[in-house]
> 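For reference, the structure I am asking about is given below.
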Amino acid sequence: MKRLEQRWDELIETYAGLSDTEMTAPGVTGGWSVKDIVAHVTTWEEESLKHLPHILAGTRPPRYSVAYGGIDAFNALTTERKRSLPLAEVLLQRDETHRRLVAFIVAMPEGEFVRETRARRRLRLDAYGHYPRHAAAIRSWRRRHR
């Protein structure tokens, strides 16, 4: 939890103080805006919430290669689905989803965190290991646009 919250706070800090215009300007990562990145991070937290119960029950979630044609295709599909959402809605989804993820993690068995488990790996890939990549992209974009 400590690592997740620290990296979450670091991500949020990268876009703190940006105007709505700056949040929606494309070009942060490819054609993505900060808003698109926030929606993307939220999508992956949603994926954790969707698949962690199955992982904890000992089953395997469907492969993205089978369900969507790969992770890149999944990312493209979900980005386009959320692109038309207003910034306020994206930020609300961010907050609600993150709150739900934290509550889920707090309720998970402690044994899932004392060693590398499938659940811990999923959280690392979808959440606390995912945030820094996007935080770095936003910081780099902000340096370029000062």
Side-chain angles (χ1 to χ4, degrees), residues 1-113 116-142:
M1 276 308 302
K2 185 177 178 179
R3 184 178 300 156
L4 180 125
E5 287 304 321
Q6 176 186 359
R7 290 186 176 170
W8 177 256
D9 291 345
E10 289 167 357
L11 173 63
I12 301 296
E13 186 179 297
T14 65
Y15 57 89
L18 291 178
S19 68
D20 289 3
T21 301
E22 291 168 317
M23 289 286 290
T24 58
V28 178
T29 300
W32 285 9
S33 65
V34 172
K35 177 189 136 193
D36 294 328
I37 291 171
V38 171
H40 167 77
V41 167
T42 300
T43 294
W44 282 101
E45 286 193 342
E46 291 165 347
E47 287 296 289
S48 272
L49 285 164
K50 182 165 97 178
H51 296 300
L52 279 170
H54 300 288
I55 291 168
L56 292 171
T59 61
R60 294 199 177 269
R63 293 196 156 296
Y64 290 89
S65 59
V66 173
Y68 300 98
I71 288 177
D72 290 341
F74 174 79
N75 285 336
L77 175 70
T78 57
T79 298
E80 282 310 308
R81 281 185 187 156
K82 291 186 173 187
R83 185 159 276 152
S84 64
L85 293 175
L87 176 60
E89 178 64 24
V90 168
L91 296 176
L92 180 64
Q93 285 182 5
R94 173 202 64 191
D95 294 343
E96 289 177 354
T97 302
H98 189 71
R99 239 186 325 273
R100 287 181 26 240
L101 182 62
V102 167
F104 187 89
I105 293 168
V106 167
M108 284 175 58
E110 284 187 36
E112 293 297 328
F113 301 106
E116 184 65 16
T117 63
R118 288 178 50 228
R120 186 173 176 178
R121 181 175 186 274
R122 182 79 200 209
L123 282 169
R124 184 180 65 251
L125 293 173
D126 292 352
Y128 68 86
H130 190 207
Y131 309 149
R133 287 181 267 164
H134 295 297
I138 294 168
R139 279 193 292 275
S140 176
W141 174 78
R142 287 189 83 161

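Just so it is clear, the values below take in all heavy atoms, side chains as well, and ignore hydrogens, waters and symmetry mates. Because the structure is a prediction, the values reported are computed rather than measured.
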> May I have the step-by-step check of side-chain contact (heavy atoms from CB on, under 4.5 Å) for Trp141 and Val34, ending in yes or no?
CA-CA 9 Å; Trp141 174 78; Val34 172; 4.0 Å; yes

> Less than 4.5 Å apart, any side-chain heavy atom of Tyr64 and any of Glu47?
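Yes. Closest side-chain heavy atoms under 4.5 Å.
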
> Ignoring hydrogens and geometry, is there a side-chain-to-backbone donor-acceptor pair from Ser140 to Ala136 under 3.5 Å?
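Side chain of Ser140 to backbone of Ala136: no pair is present.
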
> Can you measure from CD1 (Ile105) to CZ (Arg120) and round to the nearest 0.5 angstrom?
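Result: 11.5 Å between the selected atoms.
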
> So, Ser65 side chain and Gly70 main chain: donor-acceptor pair closer than 3.5 Å or not?
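The answer is no, because no donor-acceptor pair under 3.5 Å joins these two groups.
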
> Is Lys50 close to Pro61 at the side-chain level, that is, under 4.5 Å between some pair of heavy atoms?
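No, every pair of side-chain atoms sits at 4.5 Å or beyond.
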
> Please report the closest heavy-atom contact between Gly31 and Pro26, naming both atoms and the distance.
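Shortest heavy-atom contact: O-CB, 3.4 Å.
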
> Out of curiosity, Leu4 CG to Lys2 NZ, how far, rounded to the nearest 0.5 Å?
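Output value for this atom pair is 13.5 Å.
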
> Within a strict 4.5 Å, meaning less than it, do heavy atoms of the Leu18 and Arg142 side chains meet?
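Of all side-chain heavy-atom pairs linking Arg142 with Leu18, at least one is under 4.5 Å.
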
> In sequence, state the C-alpha distance, the side-chain angles, and the governing distance for Gln6 and Tyr131, and then conclude on side-chain hydrogen bond (donor to acceptor under 3.5 Å, both in side chains).
CA-CA 10 Å; Gln6 176 186 359; Tyr131 309 149; over 6 Å; no

> Are any non-hydrogen side-chain atoms of Ile138 and Leu11 less than 4.5 angstrom apart?
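Heavy-atom side-chain distance check passes, below 4.5 Å.
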
> Using atom types as modelled and distance alone, determine if a side-chain donor or acceptor of Thr29 lies under 3.5 Å from a backbone N or O of Trp32.
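Checked: no pair found.
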
> Sub-3.5 Å donor-acceptor pair from the side chain of Lys35 to the main-chain atoms of Leu85, do we have one?
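Between the backbone of Leu85 and the side chain of Lys35 there is a qualifying donor-acceptor contact (under 3.5 Å).
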
> I'd like to know if Glu116 and Arg124 make a salt bridge, using a cut-off of under 4.0 Å between side-chain N and carboxylate O.
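Yes, charged N to carboxylate O under 4.0 Å.
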
> Please determine, by modelled atom types, if Glu45 and Thr97 share a side-chain donor-acceptor pair under 3.5 angstrom.
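No, no side-chain donor-acceptor contact under 3.5 Å.
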
> For the atom pair CZ (Arg100) and OG (Ser48), what is the distance rounded to the nearest 0.5 Å?
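The CZ atom of Arg100 sits 11.0 Å away from the OG atom of Ser48.
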
> Which atoms form the tightest heavy-atom contact between Val28 and Ala137, and what is the distance?
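Residues Val28 and Ala137, closest heavy atoms: CG1-O, 3.9 Å.
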
> Under a 4.0 Å N-O cut-off, is there an ion pair linking Glu96 with Arg99?
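No salt bridge links Glu96 with Arg99.
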
> Counting distance only, does the side-chain N/O of Glu22 pair as donor-acceptor with the main-chain N or O of Ser19 below 3.5 Å?
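Present.
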
> Checking the side chain of Asn75 only, and the main-chain atoms of Asp72 only, is there a donor and an acceptor separated by less than 3.5 Å?
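Checked: no pair found.
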
> Give me the ring orientation class for His134 and His40: parallel if the planes are under 30° apart, tilted from 30 to 60°, perpendicular past 60°.
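Rings of His134 and His40: perpendicular, over 60°.
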
> Yes or no on side-chain contact (heavy atoms from CB on, under 4.5 Å) for Leu123 and Leu101, after CA distance, side-chain angles and deciding distance?
CA-CA 10 Å; Leu123 282 169; Leu101 182 62; 4.0 Å; yes

> Any non-hydrogen side-chain atom of Ile12 less than 4.5 Å from a side-chain atom of Arg94?
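They are in contact (side-chain heavy atoms under 4.5 Å apart), so the answer is yes.
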
> Got a donor-acceptor contact below 3.5 angstrom from the Arg7 side chain to the Ala135 backbone?
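Checking the backbone N and O of Ala135 against the side chain of Arg7, no donor-acceptor pair under 3.5 Å is found.
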
> Could you please spell out the steps behind the side-chain contact (heavy atoms from CB on, under 4.5 Å) verdict for His54 and Arg122?
CA-CA 11 Å; His54 300 288; Arg122 182 79 200 209; over 6 Å; no

> Please list, chain by chain and in numerical order, all residues satisfying ring-ring contact (aromatic ring centres under 6.0 Å, His included) with His51, sequence neighbours excluded.
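Checked His51 against ring-ring contact (aromatic ring centres under 6.0 Å, His included); zero matches.
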
> Is Phe113 close to Met108 at the side-chain level, that is, under 4.5 Å between some pair of heavy atoms?
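Heavy-atom side-chain distance check passes, below 4.5 Å.
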
> For Trp44 together with Tyr128, are the ring centres under 6.0 Å from each other?
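Between Tyr128 and Trp44, the centre distance exceeds or equals 6.0 Å.
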
> Hey, is Glu80 close enough to Arg83 for a salt bridge, meaning N to O under 4.0 Å?
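Looking at Glu80 and Arg83, the cut-off is met.
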
> Any side-chain heavy atom of Pro53 within less than 4.5 Å of one from Phe104?
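Yes, at least one pair of side-chain atoms sits under 4.5 Å.
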
> side-chain contact (heavy atoms from CB on, under 4.5 Å), that's the test. Do Leu87 and Val38 meet it? Break it down for me.
CA-CA 10 Å; Leu87 176 60; Val38 171; over 6 Å; no

> Is there a side-chain contact between Gln93 and Lys82 (heavy atoms, below 4.5 Å)?
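In short, these two side chains touch, coming nearer than 4.5 Å.
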
> Measuring from Asp9:CG to Thr14:OG1, what's the distance to the nearest 0.5 Å?
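Result: 11.0 Å between the selected atoms.
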
